[in-house]
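Here is the structure we will look at, set down as structure tokens.
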Amino acid sequence: MFRFLLSRLALIVPTFFGITVIAFLFPRLLKGDPVLLLSGERGVSPERYAMLNEQFGFDRPLIVQYFDYVWHLLGGDFGTSIATKSPVLHDFFALFPATVELSLFAVTFAVIIGIPAGIIAAVKRGSLFDQGAMGIALAGYSMPIFWWGLLLIVIFSTTLGWTPIDGRIGLRYFFDSVTGFMTIDALISGQRGAFSSAVSHLILPTIVLGTIPLAVIARQTRSAMLEVLSEDYIRTARAKGLPPRRVIGVHALRNALIPVVTTIGLQTGLLLAGAILTEHIFSWPGIGKWMLDSLSQRDYPAVQGGLILIALVVMVVNIIVDVLYGLINPAIRYRS
Amino acid sequence: MALLEVDNLTVTFRTASGPFVALDGISYRVDQREVLAIVGESGSGKSVAMLAIMGLLPPSATVKADRIVFEGRDMLAMTPRQRRQIIGKDIAMIFQEPMASLNPCFTVGYQIGEVLKYHLGMRRGARRKRIVELLEEVRIADPIHRMKSFPHQMSGGQCQRVMIAMAISCRPKLLIADEPTTALDVTIQKQILELLMQLQAEEGMGMIIITHDMGVVAETADRVIVQYKGRRMEEANVLDLFANPKSPYTKGLLAALPENATGDRLPVVADFTPDGPAAP
């Protein structure tokens with residue numbers, strides 16, 4: 001296991017350098033000059049432009065800029081945002097917990113509903129439930145997020161008034177951020193109603209962000225279960241006289257989980273990378289919204305740093321998935 | 001009293017091109033301590049019959065029979081729950097592909113222990129002891145260590161031994177062996193067959209052995225049923241069958257044995273209609 005983990009970690013190094021190249025070049029390929037954008041409508045004198053260019057180091061050859069950037073990265077310095085003037089790392093980690101909190105809620109929502117729905121659909125293949133669930137899954141998968149989010153806001157927030165429209169917590173609550181997770185911080189603060197306010201603010205974004213992963217997980221679980229249910233060892237389990245819930249819930253599910261865990265891992269990676277649309281619709285102060293804002297301001301250090309940090313998070317999630325494979329199916333662990 | 005009596009068993013599968021009759025009104029009877037061999041080529045309905053008795057066929061299959069009686073208990077009248085109390089305990093089955101028949105995610109010890117826990121309610125310590133005993137009985141070396149192995153860490157022969165250990169764990173009265181040696185090497189085939197026959201004699205089990213290998217039939221069976229395309233061609237005592245086969249199909253089957261080959265060419269069984277060989 002240790003060697004397996006080490007070999008996976010070793011892969012991070014070349015991937016990391018690949019990502020630095022892409023993250024460095026990508027914002028520079030976009031049209032628009034950060035210095036000009038920074039100076040706003042009034043424009044900037046050629047002298048001041050040259051001075052600012054020199055200050056940010058944009059006057060040097062690209063290759064020099066790149067190696068300088070990577071050198072600083074290795075020392076843990078992700079640069080300073082042009083827009084906020086604060087360290088990129090600081091900005092990222094100030095917003096990242098909001099994205100993590102929302103992503104975890106969304107993935108949990110998708111898993112809790114998606115896996116059982118997929119299992120039942122597979123076991124009752126061709127039934128009304130199967131057709132209904134898979135139809136809904138397809139609809140969920142094809143749903144434009146912005147439309148779905150707005151629809152839910154119109155129904156549940158403005159018409160029924162059941163859920164808040166945006167933000168992470170009601171305005172009357174104020175407390176210091178300890179963990180960055182609003183639900184946990186609300187509990188720690190001990191303020192009455194703070195926790196339920198934080199949870200109520202999470203409901204709609206969770207549903208909107210979790211809909212596509214839910215659909216993907218349900219369909220993946222169904223197809224993986226269908227494949228596994230026809231395996232010889234399932235026949236053996238039934239021949240042993242085991243009750244159906246044990247045959248399906250233990251013998252079949254454990255084997256079907258491999259592709260499902262892959263899907264969950266990929267979806268989690270995607271969500272952690274920032275749910276730009278969902279965060280935008282619900283004014284959720286997370287990474288997705290921050291990246292979008294940084295990009296429109298051509299804030300090179302913020303975009304570069306954000307991309308690299310997100311890529312690192314996705315790589316870590318993938319390693320966790322790889323380790324989970326081994327735990328679920330020992331054949332994979334030993335072969336590796 | 002017969003151990004298992006099945007009268008007029010018919011199995012029909014729903015297929016895209018209409019119903020397909022896999023088994024057409026065959027009756028079986030196995031006595032205590034008796035070894036019944038069911039012989040036939042692929043598609044003769046040997047396995048389907050046994051899976052039907054065990055209740056293991058997919059929902060696309062319709063099983064009809066006048067009677068399925070095990071130890072005087074009518075299995076047709078049983079609820080699935082009641083049937084599950086017999087399956088795996090009093091009637092056990094082993095399959096053709098031992099490696100695919102064991103769950104890759106669980107240790108072999110766990111898979112044997114599950115039967116002991118579910119049917120006999122054994123506690124952890126007792127289970128462990130019994131698993132080691134069972135692995136010793138099927139002659140797996142170093143059972144304490146081996147019970148922690150996963151199926152992929154074992155050979156095909158060892159996996160089949162584990163399957164046998166699992167099948168005999170509750171001391172079943174009837175063991176159904178569905179081509180238990182087909183997927184194994186020739187040397188291992190002999191060992192597994194000897195093990196099965198020894199256990200059958202020691203435990204006094206009734207046994208149904210499904211095979212297409214006439215050699216296996218000669219070595220193991222007391223009585224033989226020859227099947228072809230879901231119908232019974234012949235039923236006879238094993239000695240009578242080899243000495244004096246009555247059905248033309250059985251004659252063809254025996255003539256097709258490699259040791260009966262004359263010259264360079266092996267005789268083949270001609271296509272049959274249930275009433276006799278088809279016209280060439």
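In this text the structure is predicted, and so the values were computed from the model without any measurement. Chain A is the first sequence line, chain B the second, and so forth, proteins listed ahead of strands; every chain is numbered from 1.
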Assess whether atom CZ of Arg73(B) is packed by more than 12 heavy atoms of other residues, nucleotides or ligands within 6.0 Å.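 Enclosed: over 12 neighbouring heavy atoms sit under 6.0 Å from CZ of Arg73(B).
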With a sphere of 6.0 Å drawn around CD1 of Ile144(B), does it hold more than 12 non-hydrogen atoms of other residues, nucleotides or ligands?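 No, the 6.0 Å shell around CD1 holds no more than 12 heavy atoms from other groups.
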Can you tell which of [options] has the highest number of heavy-atom pairs within less than 4.5 Å of chain A?
options                                   : result
Lys89(B), Glu114(B), Met54(B)             : Glu114(B)
Ile91(B), Ile176(B), Ile87(B)             : Ile87(B)
Gln96(B), Met166(B), Glu97(B)             : Met166(B)
Gly88(B), Cys170(B), Pro104(B), Cys105(B) : Cys105(B)

Could you look at [X] and say if it's the side chain, the backbone, both or neither that has a heavy atom under 4.5 Å from chain A?
X         : answer
Ala100(B) : both
Ile94(B)  : neither
Gln85(B)  : neither
Leu56(B)  : both

Please check if the side chain of [X] supplies one atom and the backbone of [Y] the other of a donor-acceptor pair under 3.5 Å.
X         : Y         : value
Gln189(B) : Leu184(B) : yes
Arg238(A) : Val247(A) : no
Gln200(B) : Met205(B) : yes

Answer yes or no for Arg246(A) and Tyr118(B): cation-pi contact, defined as NZ/CZ to six-membered ring centre under 6.0 Å and angle to ring axis within 45°.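 Judged by the rule, Arg246(A) and Tyr118(B) form no cation-pi pair.
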Aromatic Phe106(B) / basic Arg254(A) pairing, under 6.0 angstrom, 45° off normal: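 Cation-pi check for Arg254(A) and Phe106(B): passes.
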Atom group of Leu242(A) that falls short of 4.5 Å from chain B, counting heavy atoms: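 Contact with chain B involves both backbone and side-chain atoms of Leu242(A).
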